[in-house]
Amino acid sequence: MMTMLPRNVYDRVWIMAELNILHTMDKPLVIFLPGTAADPLSAHATQDTYRCLFHNVECSAKVGTPRTPDEYREVLAHMSADKRRQWYDWTRNIKENKHESGWLQLHDVMQPVFDISKLDLTATVKCKPIKLRLRDHCVTAVMCQISTDHDKGLIRLSAMQKRTSLFALMFAEDGTLLNANQAALRKYGPDCIESHTFHLKDLFMEGCCPGGQAEADAAYEEAYEACFKAGVDSYRHPIPRQSSKTGELKWSMMEMWPMTDPITGKPAVLVIVHNITQQKRMELQLARRHEALQRANQELEQNRIQMERQTAAIQREKDALQQEARSLAQRLEAVIHDKFIPKSHIDADTPIDKTLNFLHAFIAGEEPSVQCALDIYHVLTESNTDLRQPVGLESQLLKKSSMDTEVGMSMLQLLTGPAAFREGMNPDPEASNKPSPKSLSRQTSMLKGTDRCQQVLISEASISASLTPQVERMLQDADTNWQFDIFAFSAQAEGHALSLLSFYFFQKYNGTEKFAMDPVKLATFVRVIEKGYDPQNPYHNSIHVASVVQMTHLLLHQGGVAKVMTDGQIFATYYAALVHDFEHLGVNNDYLIKSFHPLAVMYNDISPLENHHVAAAVRVMLRPECFFCQNLSKDTPYRPVVVNQVLGTDMKKHFDITSRFQTAFKRSAPNSASSSEARANSTTATGSGTARQAPATDGIDWDNVKADDKMLVFQMLLKCADIGHLAAAPDTHKRWAYQLEEEFFQQGDREKEIGLPVSPLMDRSNKGGITRSQMGFFSIVGLPMFKAMADVFEGVQPMLDGVMANYRSWEAAAAAADTPT
């Protein structure tokens, strides 16, 4: 029989009859033609085709009969997509002569052609293309030569060679040695495979483990579990060995890779052992160096700690010296101030402020004088002491201050109540405090004047009709400009500055979406409120309120106050700014109280105007055509915020609110020099107009601030916005000051008309009105309040800068007036 194929078998074109010579081959041969053809059942699909063109007698005897075309397609259909794609690529490469020419395992490639389930795993196949003439055309088919008698050792060795060419052994799952390469055979003997005397565990026993056999057994069990149970990709185990020549300790690394025995198909493991002594020596050297570095680092750390302690001691000494230097500088400044500067400063500290200053100084390590303690003691033990009013304010304003008596009486009336009612201070002893019939008639007409907003028609609430390109640009400027020209905007808005600004801010920042506001009813509401401000009032009119709304917006979003507020509280603040002077009568609370005005009677002389502003605005909002927000329920507690904010604008409550605000936020617990430095740098306006800046308070945990303390923030915000013209551009600020002076003159005219004493600085027949008191108002009210707000919210600093600029302007004007010509 032929043992080899003819030499030209692959080079010529065969006819089918010539293939019979291949029956004389002693090895199985099969020739088949794989391909694809159009699917008769679908116009756009293909199906696999296959024809077995020839197989010799040996193929039938040793391998079996090739599959039929239907069996071929069924096998392909059950193969995975990857296996099917590999089969297509393999047959195509053979036909194009691009395949590997070596022997392949039959099980890997011939499943579609033969039933290989009963064949030995050692069967291999070698494939080549062959050209055949079929009737009138030639085809390239695949000819496969099959071998079923390969040496098992060579097959295993080939599988091992694919993994590594190093010293290698193959073990079965039970630890039996299956095969070894030449390097392993030289070490363990050529008969180690056949004798079955060498076991996987023997590799672990070769080392000199410190724990002896028990440690070696444990290492073997761990490796067995990893390779045959856990399914790891590889496993490594270092083995210490002692050199038989030198006795020196050496190290080997055993690397194990799980695999499948190509003969039995059962789990096996490939093991290589290589020398890592040099690597271990380097690791030991690195470990020793690491330990040395750790010791050096520990020494450096100890030196660093010692240096830090020394630095801290030096810093403490430096702080003590700086504190002493500051104390000396303050004493020197006080001496110079007392000697060269006129005594025009008003002490606005309340008893609580003085007590806290005393305690801060004591905690900071200073030594307050006994006289200071006695002064505080005497103030606190007096029965008429108001803890939230400046100590001896009346005496300071009327007796000890350098300002004239009428200015002092005006400030006292503004901050505490009608000065004419105070004992011994009535400027007109002959005047009667009871209102005349003419007075009562006048008050009735004034009260009727508060109903003017009832005549507003809903059709007048058209906001969009007032929007021109210039107005839109000015609205955008109002978003960020601390010195926004409200008078220019009012001129462009044709008298609707308040409604336009309010509607714009409600829409853009607080929203119609958050609270389901009805835009039409909101427009109606803001226009009705706008109509409620009397344009005949020189100061308390809709333009003033528009300025307050804009300043409120800046304090919220530029000043940073909105970050500590909820959406409901922000809405309430916009609303409070809009209505805070609603239906203002153009006179102050003192006038209403002295004249027994119905509002003063209704509210028992307690903030009658402010109470009326809130109540009258609520009555408007409850009208069906003005009830713009259906979601204002108990889940949005806006009303307490509005009431507290609007009532807080009564200047009689000024010292109470600002003192409690500073107590809650500005006076944090001191620590040594820092607190005394903050006090030394706190802003105070002196006769020379200098201002000392304290660092802004930060680090407040607003989530844990009490609700009452947050309410103080809301009140301070509206109070700052209410007198926000102090921070306006100088021309704008002075225009407001003179308009307020005219309104006070008009009140003085009314007081004369109904037979009441004219309030201080409200008699137009005298020289000057409230503009004479601007220095005192800035010093006592404006600067301390804006400074307190800027201490807590750094974003308010531009507003404080504007206030300081206007204060210096008044100061310069006063100095120029005092200079002889």
Side-chain angles (χ1 to χ4, degrees), residues 348 350 352 386-390 413-417 540 544-545 547-549 551-556 559 561-562 564-566 568-584 588-590 592-593 599 603-618 637-666 705-727 777 780-793 796 799:
T350 66
I352 287 183
D386 187 341
L387 297 178
R388 296 294 183 182
Q389 289 285 352
Q413 178 174 318
L414 173 70
L415 298 169
T416 62
H540 288 98
H544 159 70
V545 180
S547 176
V548 173
V549 169
M551 282 294 185
T552 297
H553 170 75
L554 291 178
L555 285 165
L556 283 170
V561 185
V564 305
M565 303 172 73
T566 64
Q569 291 163 348
I570 294 173
F571 162 80
T573 300
Y574 277 120
Y575 176 92
L578 171 64
V579 306
H580 83 281
D581 276 335
F582 182 56
E583 293 186 345
H584 199 287
N588 58 23
N589 284 327
D590 296 332
L592 300 183
I593 294 170
L599 290 181
Y603 295 111
N604 300 313
D605 297 346
I606 300 174
S607 304
L609 278 174
E610 289 74 22
N611 275 294
H612 175 70
H613 302 328
V614 177
V618 170
Y638 78 101
R639 185 163 165 75
V641 177
V642 173
V643 171
N644 278 278
Q645 284 181 310
V646 176
L647 295 185
T649 60
D650 186 350
M651 289 303 296
K652 307 300 184 293
K653 300 178 179 179
H654 172 75
F655 286 116
D656 177 70
I657 293 173
T658 55
S659 176
R660 288 192 292 120
F661 176 83
Q662 289 178 312
T663 301
F665 297 105
K666 184 177 179 181
V705 172
K706 294 185 297 184
D708 289 345
D709 291 343
K710 280 191 176 181
M711 188 63 74
L712 292 171
V713 174
F714 308 156
Q715 289 177 305
M716 287 287 288
L717 183 151
L718 190 57
K719 281 174 64 63
C720 289
D722 194 20
I723 59 171
H725 69 84
L726 269 64
F777 186 79
I780 299 171
V781 176
L783 281 168
M785 182 174 71
F786 286 103
K787 177 59 173 63
M789 198 68 174
D791 279 346
V792 179
F793 298 98
V796 181
M799 199 174 194

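Positions are given from 1, in the same order as the sequence printed here.
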Visitor: Any salt bridge between Asp650 and Lys719, counting N to O under 4.0 Å?
Guide: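 A salt bridge is absent here (no side-chain N lies under 4.0 Å from a carboxylate O).
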Visitor: Using only atom types and a distance under 3.5 Å, with no angle test, would you say the side chain of Asn611 pairs donor to acceptor with the backbone of Ser607?
Guide: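 Between the backbone of Ser607 and the side chain of Asn611 there is a qualifying donor-acceptor contact (under 3.5 Å).
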Visitor: Is it true that the side chains of Asn589 and Glu610 contain a donor and an acceptor less than 3.5 Å apart?
Guide: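 Yes - a donor-acceptor pair under 3.5 Å links their side chains.
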Visitor: Determine yes or no for a side-chain-to-main-chain donor-acceptor pair under 3.5 angstrom, with Ser659 supplying the side chain and Asp656 the backbone.
Guide: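 A pair under 3.5 Å: no.
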Visitor: How far does CG of Leu609 sit from CG of Leu592, to the nearest 0.5 angstrom?
Guide: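 Nearest 0.5 Å value for the CG-CG distance: 4.5 Å.
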Visitor: Compare every heavy atom of Met785 with every heavy atom of Ile723, then report the nearest pair and how far apart it is.
Guide: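 Between these two residues, the closest heavy atoms are CD1-CE, 3.2 Å.
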Visitor: Which value, rounded to the nearest 0.5 Å, describes the distance between Asp605 atom CG and Asp590 atom CG?
Guide: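 Atom-to-atom, Asp605:CG and Asp590:CG are 10.0 Å apart.
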Visitor: Report yes if some heavy atom in the side chain of Phe661 is under 4.5 Å from a heavy atom in the side chain of Met789; otherwise report no.
Guide: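 Answer yes - side chains close enough.
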Visitor: Show the nearest heavy-atom pair for residues Val545 and Leu578, with the distance to one decimal.
Guide: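 Reported closest heavy-atom pair: CG1-O, 3.4 Å.
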Visitor: I'd like to check Val705 versus Phe665 (side-chain heavy atoms, cut-off strictly below 4.5 Å). Are they in contact?
Guide: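 In contact.
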Visitor: Locate the shortest heavy-atom distance separating Leu712 from Ala664; write the atom from each residue and the value.
Guide: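 Looking at all heavy atoms of both residues, the closest pair is CD1-CB, 4.4 Å.
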Visitor: Return the orientation label for the His584 and His540 ring planes: parallel under 30°, perpendicular over 60°, tilted otherwise.
Guide: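 His584 vs His540 ring planes: parallel.
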Visitor: Would you call Leu718 and Thr573 a side-chain contact if the rule is heavy atoms closer than 4.5 Å?
Guide: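 No, every pair of side-chain atoms sits at 4.5 Å or beyond.
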Visitor: Going from CZ on Phe786 to CG on Leu726, what distance comes out if it is rounded to the nearest 0.5 angstrom?
Guide: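 Output value for this atom pair is 5.5 Å.
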Visitor: Of the non-hydrogen atoms in Tyr603 and Ala615, which two are nearest, and what is the gap between them?
Guide: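 Tyr603 and Ala615 have their closest heavy atoms at OH-CB, 3.7 Å.
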Visitor: Test your reading of the model: is there a side-chain donor-acceptor pair from Gln715 to the backbone of Asn644, 3.5 Å cut-off?
Guide: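 Yes, the answer is positive, given that a donor and an acceptor are paired below the 3.5 Å cut-off.
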Visitor: Quick one: do Val614 and His580 satisfy side chain to side chain contact (heavy atoms under 4.5 Å, CB included)? Show the steps, please.
Guide: CA-CA 7 Å; Val614 177; His580 83 281; over 6 Å; no
Visitor: When you measure from the side chain of Gln645 to the backbone of Phe714, do you find a donor-acceptor pair of N or O atoms at a distance under 3.5 Å?
Guide: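 Side chain of Gln645 to backbone of Phe714, a donor-acceptor pair under 3.5 Å: yes, one is there.
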Visitor: Would you check, one step at a time, whether the test side chain to side chain contact (heavy atoms under 4.5 Å, CB included) holds for Met716 with Val561?
Guide: CA-CA 10 Å; Met716 287 287 288; Val561 185; over 6 Å; no
Visitor: Can you confirm whether Val781 sits close enough to Met651 that some side-chain heavy atom of one is under 4.5 Å from a side-chain heavy atom of the other?
Guide: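 Yes; the side chains approach each other to less than 4.5 Å.
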Visitor: So, for Leu555 and Ala721, which heavy atoms are closest and what is the spacing to 0.1 Å?
Guide: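 Where Leu555 meets Ala721 most closely, the heavy atoms are CD1-N, 3.9 Å.
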Visitor: Measure the shortest side-chain to side-chain distance between Phe582 and Val646 over non-hydrogen atoms and say whether it is less than 4.5 angstrom.
Guide: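 The answer is no, as the side chains (C-beta and beyond) never meet within the 4.5 Å cut-off.
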Visitor: Compute whether any side-chain donor of one residue and acceptor of the other, for Glu583 and His613, lie under 3.5 angstrom apart.
Guide: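 No - no donor-acceptor pair under 3.5 Å links their side chains.
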Visitor: Could you tell me if the side chain of Phe793 sits less than 4.5 Å from the side chain of Val713, heavy atoms only?
Guide: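 Contact flag for Val713/Phe793 side chains = yes.
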Visitor: State, yes or no, whether a side-chain contact exists between Leu554 and Met799 at a heavy-atom distance under 4.5 Å.
Guide: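 The answer is no, as the side chains (C-beta and beyond) never meet within the 4.5 Å cut-off.
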Visitor: Would Lys653 and Ile657 satisfy side chain to side chain contact (heavy atoms under 4.5 Å, CB included), going step by step from the backbone distance to the final call?
Guide: CA-CA 6 Å; Lys653 300 178 179 179; Ile657 293 173; 4.2 Å; yes
Visitor: Can you find a heavy atom in the side chain of Cys720 that is under 4.5 Å from one in the side chain of Met551?
Guide: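 Cys720 does not reach Met551 side chain to side chain.
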Visitor: Check the pair Val641 / Phe571 against side chain to side chain contact (heavy atoms under 4.5 Å, CB included), numbers first and verdict last.
Guide: CA-CA 10 Å; Val641 177; Phe571 162 80; over 6 Å; no
Visitor: Looking at every heavy atom in both Val564 and Lys710, which two are closest together, and how far apart are they?
Guide: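 Looking at all heavy atoms of both residues, the shortest contact is O-NZ, 3.9 Å.
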